[in-house]
*Asks:* 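Mind having a look at this structure? Questions to follow.
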Amino acid sequence: MFAENRKISLRQVRRLLILDIFGWSSLMIPGMLSSMTGADGIFCLLFGMAGGMILLWLMKKNLQYTQKNYYDYMKDMVGQIPGDLFMVFYFLYFVTLCGFVLYQTTVLVLTWLLPEGSYVWVSFLLLALAAYGTLRGIEGRARIYEILFWFLGIPLLVMLFLALQEVRTDYWTPIVSSGKTELIQGSISFLIFLLPLTAILFLKPFCRKSEKLADCGKWALILVTFMDLIIYLILLGVFGKNTLGVLRRPVITLMGMVNLPGGFFTRQDVVMTGVWFFALFALLHTGIFQSTLILKEMFQEAGNRYSMCISLFLAGMAGIGFFHNTFLLEVYEIYQTWIVLPGMIGILVILLLAHQIKARGRNRKGEDASCGKNIS
């Protein structure tokens, strides 16, 4: 069961969110932005952050009106059937996200750590670990990742500092040379990588001082954008626009090029792979936790084992699908851009409008009742 009576702090929530969005954004967004916009990718990161701020503002306004949990709030605002449809939308987002991250994490392990390994067995092990973490509850997960936050963050900062000597600032030009279409596409791409922040909506029953959840997301968003900006400038300064655009995981490639003082360790890229392995696994775990929670609430399950098994199975099948059919990656990109992103914003706007309409209705009834009393 989810241990709702054992709540986590805002600091723990913030670090969970940072790990969730930093891992896959820093691993994938530099190559995408470089191929689209070159040095103008820095503006895409800033514009994407602005879009993330708007999304967080919408979440904050809705959380202000959420009493018990987000599901009950949606049912109160729009009714049972639309509320269930919205929950299905969120479930599909988190379970497909989990499948995509499972695919990325497994390929990362097979490429850098276990080149002779089996995709199926590595995926199965990752899902088993995610299942164990979900059964342990969010408190145990928060405590583990609070430790990993510093364990992973300090070596990363050291490696990035050492990589500065390889940067060629002339690779940061030309600037402001991309078209509007490329800038918009790049900004939307980064905004999509920020969508795991919507997990905040479901964390109210699990968090102390839950009224400040959106503020946690804001600071996580700012820090991750700042880190991604630094990583992007370093990668662009080392590889240049053309090379960066074709590298699959440029930040890990960079880690293999950094020379540690004394030359006593030559395979630091393998160690640094662990940074992104744990960061990606944190997001994988979030996907399983959130999809399990959504099914549990929809079907009012006493425990969470059946909901978790369904989520694990669907995530595993999605991961296998991405591995064997690369065209599904293109389908997933279209799904994220044209369905998930507008849907996330649309649901929050609809709920706010519904709340305003209900509030006005209650005010009119109160005014009519007071007028009736005055007349009598």
*Asks:* Name the orientation class of the two ring planes belonging to Phe94 and Phe202 (parallel below 30°, tilted from 30 to 60°, perpendicular beyond 60°).
*Replies:*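 Answer is perpendicular, since the angle exceeds 60°.
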*Asks:* Is any side-chain heavy atom of Asn304 closer than 4.5 Å to a side-chain heavy atom of Leu135?
*Replies:*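 Counting from C-beta outward, Asn304 and Leu135 do come under 4.5 Å.
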*Asks:* Would you say the ring centroid of Tyr90 lies under 6.0 angstrom from that of Tyr70?
*Replies:*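 Yes; Tyr70 has its ring centre under 6.0 Å from that of Tyr90.
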*Asks:* Could you tell me whether Asp215 and Lys212 have a side-chain N and a carboxylate O separated by less than 4.0 Å?
*Replies:*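 Salt bridge between Asp215 and Lys212, a charged N being under 4.0 Å from a carboxylate O: no.
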*Asks:* Report the C-alpha separation of Asp20 and His285 in whole Å, then their side-chain angles, then the decisive distance to 0.1 Å, and conclude whether the side chain to side chain contact (heavy atoms under 4.5 Å, CB included) test is met.
*Replies:* CA-CA 9 Å; Asp20 282 347; His285 194 180; over 6 Å; no
*Asks:* Do Ser178 and Thr37 have side-chain N/O donor and acceptor atoms under 3.5 Å apart?
*Replies:* no
*Asks:* Looking at Glu333, I want to see if its CD is surrounded by more than 12 non-hydrogen atoms of other residues, nucleotides or ligands under 6.0 Å.
*Replies:* no
*Asks:* If we ignore angles and hydrogens, is there a donor and acceptor under 3.5 Å between the side chains of Glu301 and Ser307?
*Replies:*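 Checked: Glu301/Ser307 side chains pair up, N/O donor to acceptor below 3.5 Å.
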*Asks:* Let's go through Gln104 and Phe322 carefully: what are the C-alpha distance in whole Å and the side-chain angles of both, what is the deciding distance for side chain to side chain contact (heavy atoms under 4.5 Å, CB included) to 0.1 Å, and is it a yes or a no?
*Replies:* CA-CA 9 Å; Gln104 293 291 341; Phe322 287 131; over 6 Å; no
*Asks:* List the atom of Thr292, the atom of Ser311, and the distance in Å for their closest heavy-atom pair.
*Replies:* N-OG, 3.5 Å
*Asks:* For residues His355 and Asn62, determine if any side-chain heavy atom of one lies less than 4.5 Å from a side-chain heavy atom of the other.
*Replies:* no
*Asks:* Do Ser25 side-chain atoms and Phe22 backbone N/O form a donor-acceptor pair below 3.5 Å?
*Replies:*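 Judged by distance alone, yes, a pair lies under 3.5 Å.
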*Asks:* Nearest 0.5 Å please: distance from the CG atom of Leu162 over to the CD atom of Glu166.
*Replies:* 10.0 Å
*Asks:* Keeping the roles fixed (side chain from Trp172, backbone from Ala39), state whether a donor-acceptor pair exists under 3.5 Å.
*Replies:*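 No, Trp172 side chain to Ala39 backbone: no donor-acceptor pair under 3.5 Å.
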*Asks:* Measure the spacing between CG of Leu102 and OG1 of Thr105 and express it to the nearest 0.5 Å.
*Replies:* 6.5 Å
*Asks:* Out of curiosity, Lys60 NZ to Glu211 CD, how far, rounded to the nearest 0.5 Å?
*Replies:*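 Reported value, rounded in 0.5 Å steps: 10.0 Å.
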*Asks:* State, yes or no, whether a side-chain contact exists between Gln290 and Leu203 at a heavy-atom distance under 4.5 Å.
*Replies:* yes
*Asks:* Linking I/L/V/M/F/W/Y whenever any side-chain heavy atoms sit under 4.5 Å apart, do Ile54 and Met59 land together?
*Replies:* no
*Asks:* How about Asp76 and Tyr65: does a side-chain donor come under 3.5 Å of a side-chain acceptor?
*Replies:* no
*Asks:* Hey, does Lys75 have a side-chain heavy atom less than 4.5 Å from the side chain of Ile81?
*Replies:*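 Side chain of Ile81 against side chain of Lys75, heavy atoms only: no contact under 4.5 Å found.
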*Asks:* State, with a plain yes or no, whether a side-chain heavy atom of Ile29 is found less than 4.5 Å away from one of Trp24.
*Replies:* no
*Asks:* Can you confirm whether Asp40 sits close enough to Glu182 that some side-chain heavy atom of one is under 4.5 Å from a side-chain heavy atom of the other?
*Replies:* no
*Asks:* Does one hydrophobic cluster hold both Phe313 and Phe100, with members joined at side-chain heavy-atom distances below 4.5 Å?
*Replies:*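 Per the 4.5 Å side-chain linkage, Phe313 and Phe100 are co-clustered.
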*Asks:* Check whether Phe299 forms a cation-pi arrangement with Lys296 (NZ or CZ under 6.0 Å from the six-membered ring centre, at most 45° off the ring normal).
*Replies:* no
*Asks:* I would like to know whether Glu297 and Asn69 meet side chain to side chain contact (heavy atoms under 4.5 Å, CB included); could you show each step before the answer?
*Replies:* CA-CA 10 Å; Glu297 292 185 352; Asn69 59 58; 4.3 Å; yes
*Asks:* Take Leu160 and Met227 through the test side chain to side chain contact (heavy atoms under 4.5 Å, CB included) and record every step on the way to the result.
*Replies:* CA-CA 10 Å; Leu160 291 177; Met227 289 297 298; 4.2 Å; yes
*Asks:* With side chains defined as the heavy atoms from C-beta onward, is the minimum distance between Trp276 and Phe281 less than 4.5 Å?
*Replies:* no
*Asks:* What's the separation between atom CG in Leu280 and atom OG in Ser26, rounded to the nearest 0.5 Å?
*Replies:*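 Spacing of CG (Leu280) from OG (Ser26) equals 8.0 Å.
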*Asks:* Honestly curious: do Ile357 and Ile347 fall in one hydrophobic cluster under the side-chain, below-4.5 Å linking rule?
*Replies:*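 Not linked; separate clusters.
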*Asks:* Which atom names give the shortest non-hydrogen contact between Tyr93 and Val340, and what distance separates them?
*Replies:*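 Distance-wise, the nearest heavy atoms are CD1-CG1, 3.4 Å.
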*Asks:* Could you pull out all residues at least two apart from Ile320 that satisfy side-chain contact (heavy atoms from CB on, under 4.5 Å)?
*Replies:*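 If we apply the side-chain contact (heavy atoms from CB on, under 4.5 Å) test to Ile320, skipping adjacent residues, the hits are Tyr119, Met317, His324.
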*Asks:* Check whether Leu236 and Ile175 end up in the same hydrophobic cluster, where Ile, Leu, Val, Met, Phe, Trp and Tyr are linked by side-chain heavy atoms less than 4.5 Å apart.
*Replies:* yes
*Asks:* Quick check for you: to the nearest 0.5 Å, what is the distance between Leu10 atom CG and Leu17 atom CG?
*Replies:* 10.5 Å
*Asks:* State, yes or no, whether a side-chain contact exists between Val13 and Phe206 at a heavy-atom distance under 4.5 Å.
*Replies:* no
